[in-house]
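Take a look at the structure set out below.
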There are 2 protein chains.
Amino acid sequence: MTDREDLGALLQRLLRVVLERETALLTRHDVEMWEYVVLAVLQHGPAPTQNQLAALVGRDKTRLIGTLDGLQARRLVERNPDPRDRRNRVVSLTPAGRHRVEACRADIRRMEADLLGAVRADEAEAFVRVLSRLAGRRLPS
Amino acid sequence: MTDREDLGALLQRLLRVVLERETALLTRHDVEMWEYVVLAVLQHGPAPTQNQLAALVGRDKTRLIGTLDGLQARRLVERNPDPRDRRNRVVSLTPAGRHRVEACRADIRRMEADLLGAVRADEAEAFVRVLSRLAGRRLPS
DNA sequence: TATTGTTATACTCTATAACTATA
DNA sequence: TATAGTTATAGAGTATAACAATA
């Protein structure tokens with residue numbers, strides 16, 4: 001670890017490449033980046049409130065609304081009032097939304113495999129493992 | 001590589017942590033993020049034109065100007081007209097600028113070592129090596 | 001005319017503060 | 001009154017276009 005670039009610079013450059021490829025790929029599925037992030041989070045289950053969903057995707061609740069409007073207009077997500085507290089709107093995937101995000105995910109995995117193909121398979125696996133460790137887990141709140 | 005988060009999500013989360021720590025650290029040196037990026041690039045030698053410098057740091061030439069103004073006002077960089085083509089202004093570090101960026105770099109290295117301390121030393125080294133490979137080299141133009 | 005550095009304008013994204021409806 | 005969702009307003013960051021000086 002003698003003379004190398006800063007970790008921040010390296011991460012930013014790699015992230016930029018990943019995001020460029022991912023954006024192009026998602027466009028072919030008619031899905032924008034933030035839309036995909038929302039769909040991916042909802043794969044784990046419905047979000048009990050939009051507020052919690054916003055925190056989960058790391059975004060403000062006000063900025064989330066336009067994204068949800070677009071997804072709902074295309075019948076990829078549903079917003080249903082919670083009968084127990086009608087202020088809350090529980091957001092969930094429709095079957096179409098589930099199929100869409102699964103198709104996106106498959107393409108992303110292919111893209112990632114292609115990218116990681118530049119290094120040995122065991123190196124790539126170790127890289128992703130350490131990256132997961134260092135990135136920590138998503139804050140649930 | 002069964003069920004894991006997307007590479008983009010992992011990279012973004014780790015980058016966010018790194019940038020937060022780096023920003024706090026740079027503030028103690030009275031240096032902003034983009035200012036540090038410029039200083040770090042200039043460590044390798046003067047930039048023959050602001051245009052080339054902008055491309056090197058991955059930024060528009062118009063957005064670079066305010067950053068250079070601030071750095072020049074604090075006598076950390078110099079802008080000298082090129083005698084052979086007086087349209088160009090060659091940007092270089094002053095001695096104070098060199099000392100400043102070296103101090104920042106040292107703190108950043110400490111921060112990175114602390115961050116990478118969460119995994120074994122050989123894993124951390126391999127991680128940075130693969131990351132460098134995948135990030136590729138900075139485009140000179 | 002073309003290019004470097006600069007300034008000015010417009011646009012996007014984000015953050016903050018009101019508004020409504022339910023509780 | 002307090003909270004979830006929504007809308008509206010203001011601010012920061014960015015991109016694009018015009019401008020002055022030099023070639």
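Per chain, numbering begins at 1; letters A, B, ... match sequence-line order.
Sequence order on DNA chain C of the closest nucleotides to Arg84(A) and Asp60(A) puts Asp60(A) first from the 5' end. Two residues, Trp34(A) and Asp82(A), neighbour DNA chain C, and the one matched to the more 5' nucleotide by heavy-atom proximity is Trp34(A).
Residues Asp6(B) and Glu112(A) form a side-chain contact, since some pair of their non-hydrogen atoms from C-beta on lies under 4.5 Å apart. Within the 4.5 Å cutoff, no side-chain heavy atoms of Glu22(B) are placed close to those of Leu7(A).
If you take CG of Asp85(A) and P of dT3(D), they are 12 Å apart, rounded to a whole angstrom. Computed from coordinates, the Met33(A) CE to dT12(C) C1' distance equals 17 Å when rounded to whole Å. Taking atom NZ of Lys61(B) as the reference point, atom P of dT14(D) lies 18 Å away to the nearest angstrom. Straight-line distance from the CD1 atom of Ile65(B) to the P atom of dG13(D): 17 Å, rounded to whole Å. The CZ-P distance, from Arg89(A) to dA23(C), rounds to 14 Å in whole Å. One interatomic measurement links the two molecules: CG of Leu64(B) to C1' of dT6(C), which rounds to 12 Å at whole-angstrom precision. Put simply, CZ on Arg59(A) is 9 Å from C1' on dC13(C), counting in whole angstrom units. Protein atom CG of Asn51(A) is 17 Å distant from nucleotide atom P of dA2(D), rounded to whole Å.
Of the side-chain N and O atoms in Gln52(B), none sit less than 4.0 angstrom from OP1 or OP2 of dT4(C). For dA4(D), the OP1/OP2 oxygens have no side-chain nitrogen or oxygen of Arg79(A) closer than 4.0 Å. Regarding contacts with the backbone of dA4(D), every side-chain N or O of Arg86(A) stays at 4.0 angstrom or more from both OP1 and OP2. For dT4(C), the OP1/OP2 oxygens have no side-chain nitrogen or oxygen of Asn88(B) closer than 4.0 Å.
Between the side chain of Arg63(A) and the base of dT14(C), no donor-acceptor pair of N or O atoms lies under 3.5 Å.
Across dG5(D), dT16(C), dG5(C), the shortest atom-to-atom separation from the side chain of Gln50(A) is found for dG5(D). The side chain of Arg87(A) lies closest to dA21(C), out of dA21(C), dT6(C), dT16(C).
A donor-acceptor pair under 3.5 Å is formed between the side chain of Arg13(A) and the backbone N or O of Gly136(B).
For Arg74(A), the salt bridge (Lys or Arg N to Asp or Glu O under 4.0 Å) test picks out Asp30(A), Glu35(A), with sequence neighbours left out.
Between Arg16(B) and Glu20(B) there is a salt bridge, since a side-chain N of the basic residue sits under 4.0 Å from a carboxylate O of the acidic one.
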